[in-house]
There are 2 protein chains.
Amino acid sequence: MELFEATIHIRDRCICLHAQRAARALARRFDDALRPHGITSGQFSLLNVLNRPEPVSMGPVAKFLAMDRSTLTANLKPLERNGLIRIEVDPDDRRGRKLSLTAEGRKTLRAAMSIWKKEHAELEREIGIDADLLRAGLRTIA
Amino acid sequence: MELFEATIHIRDRCICLHAQRAARALARRFDDALRPHGITSGQFSLLNVLNRPEPVSMGPVAKFLAMDRSTLTANLKPLERNGLIRIEVDPDDRRGRKLSLTAEGRKTLRAAMSIWKKEHAELEREIGIDADLLRAGLRTIA
DNA sequence: TAATATTCTATTGATATCAACCAATTGAGG
DNA sequence: CCTCAATTGGTTGATATCAATAGAATATTA
């Protein structure tokens, strides 16, 4: 069966499949680690992107995260509801929004960082010396 | 601000963030490519996993995909509704299900494979010689 | 064999993800 | 100015994702 052989090849080599699988495993892992602080791995990443000296608008954030704008809209909601971020109309361009962390958001971010540091060090240990290569490869894709 | 510096470090180095970003970009890319055949990149992967000489049960499939079992339950629904797969109670263990492709599923899979081949070759070209290293790194994680 | 534990899947509720479409605003030409 | 195009987010509908929980069937053990 050539169809079956092709399937074997794809299961072994498809980078998209491998990436989704790794993304799921990593998200679960960091979700678990961050759960005591009430945020997910995705929310942690988003808080980091929003932690800037000056407020950002949504476009650049979505682009940095390689995420659809409407996905970002959705992802902001629980963070705003929980008081971790602020969403304000940009006075200079009333179509846009200015996103920033609240004091509470910075507090949560700071606390979550220590968890991240520990968990990520352990992850890099498991990956071995290839961690930099892996990052580089992922950056090429996204 | 040390908090800001820590954020920069995380944005640059967090493997979880890089993986999610790459996963989103790749999913969009293959979703686009496969759209003419009416399936997504995730459904394509799932069809490949289900394309075996003998039916499989859900547990091993979920494990192979590094996916929660309940996620798999959800993912099977549109495929079954569209007639691409069959879900049957395992007569030897009536808790379990036996999953298999229908003729229609095999037909769709075969057609989608040619798209995958083209798109994946282009992707590997873009990634360069690191494609094998990237795969290896992703496999270590998942 | 009966009671208990384990395994397998489904369901629910919350968030994540994207495409398609829409509304409001701004910008560019005329 | 005024029209029209482009930009910026939001909304909706479908699928994806997981934790928690529940139900059914099997396996274990007393």
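Every chain is numbered from 1, with letters handed out A, B, ... down the list of sequences.
- The two residues B/R28 and A/D68 have their closest heavy-atom pair at NH1-N, 4.1 Å.
- Proximity of B/R24 to the phosphate of C/dA16: no side-chain N or O atom is located under 4.0 Å from OP1 or OP2.
- Contact annotation for A/R69: base contact, defined as any heavy-atom pair under 4.0 Å involving a base atom.
- Remark: B/N75 is not in phosphate contact with D/dT15, judged by side-chain N or O atoms under 4.0 Å from OP1 or OP2.
- Contact check, B/R97 against C/dT9: no side-chain N or O comes under 4.0 Å of OP1 or OP2.
- B/K77 has a side-chain polar atom (N or O) that falls below the 4.0 Å cut-off from OP1 or OP2 of C/dT11.
- In this pair, B/H9 and A/W116 present their aromatic rings perpendicular. The plane angle is above 60°, beyond the 30 to 60° band.
- With rounding to the nearest 0.5 Å, the separation of CG in A/L47 from CD1 in A/I85 is 8.0 Å.
- Across D/dT26, D/dT15, C/dA19, the shortest atom-to-atom separation from the side chain of B/R28 is found for C/dA19.
- The nearest whole Å value for the distance from the CD atom in B/E80 to the P atom in C/dT9 is 14 Å.
- Using a 4.0 Å heavy-atom criterion, one finds that A/D92 contacts no nucleic acid atom at all.
- Taking the side chain of B/R95 as heavy atoms from C-beta on, and the options D/dT7, C/dA16, D/dA25, the nearest nucleotide is D/dA25.
- A/R86 places no side-chain N or O within donor-acceptor distance of the main-chain N or O of A/L84, the cut-off being under 3.5 Å.
- Rounded to whole angstrom, the span from the CG atom of A/D31 across to the C1' atom of C/dT15 amounts to 10 Å.
- A residue-by-residue look at B/Q43 and A/A74 shows that A/A74 has its nearest nucleotide of DNA chain D further toward the 5' end.
- No cation-pi contact links B/R106 to A/F4, judged by a cut-off of 6.0 Å to the six-membered ring centre and 45° from its axis.
- The base of D/dA19 sits within donor-acceptor range of the side chain of B/S70, with an N or O pair under 3.5 Å.
- Per the geometry, CG belonging to B/D90 stands 11 Å off P belonging to C/dC8, to the nearest Å.
- Spacing between atom CZ of A/F30 and atom P of C/dA16 amounts to 17 Å, rounded to whole angstrom units.
- When the P atom of C/dC18 is taken as reference, atom CE of A/M58 falls 13 Å away, rounded to whole Å.
- Of the side-chain N and O atoms in B/T73, one or more sit less than 4.0 angstrom from OP1 or OP2 of C/dA10.
- Regarding B/I85, its CD1 atom lies at a distance of 13 Å from the P atom of D/dT15, rounded to whole Å.
- Rounded to an integer number of Å, the gap from A/D68 CG to C/dA16 P is 14 Å.
- Per the geometry, CG belonging to A/N82 stands 13 Å off P belonging to C/dA14, to the nearest Å.
- Across every non-hydrogen atom of B/A23 and A/A19, the tightest pair is CB-O, 4.1 Å.
- Under 4.0 angstrom from either OP1 or OP2 of C/dC18 there lies no side-chain N or O belonging to B/R35.
- Contact check, B/T71 against D/dA16: no side-chain N or O comes under 4.0 Å of OP1 or OP2.
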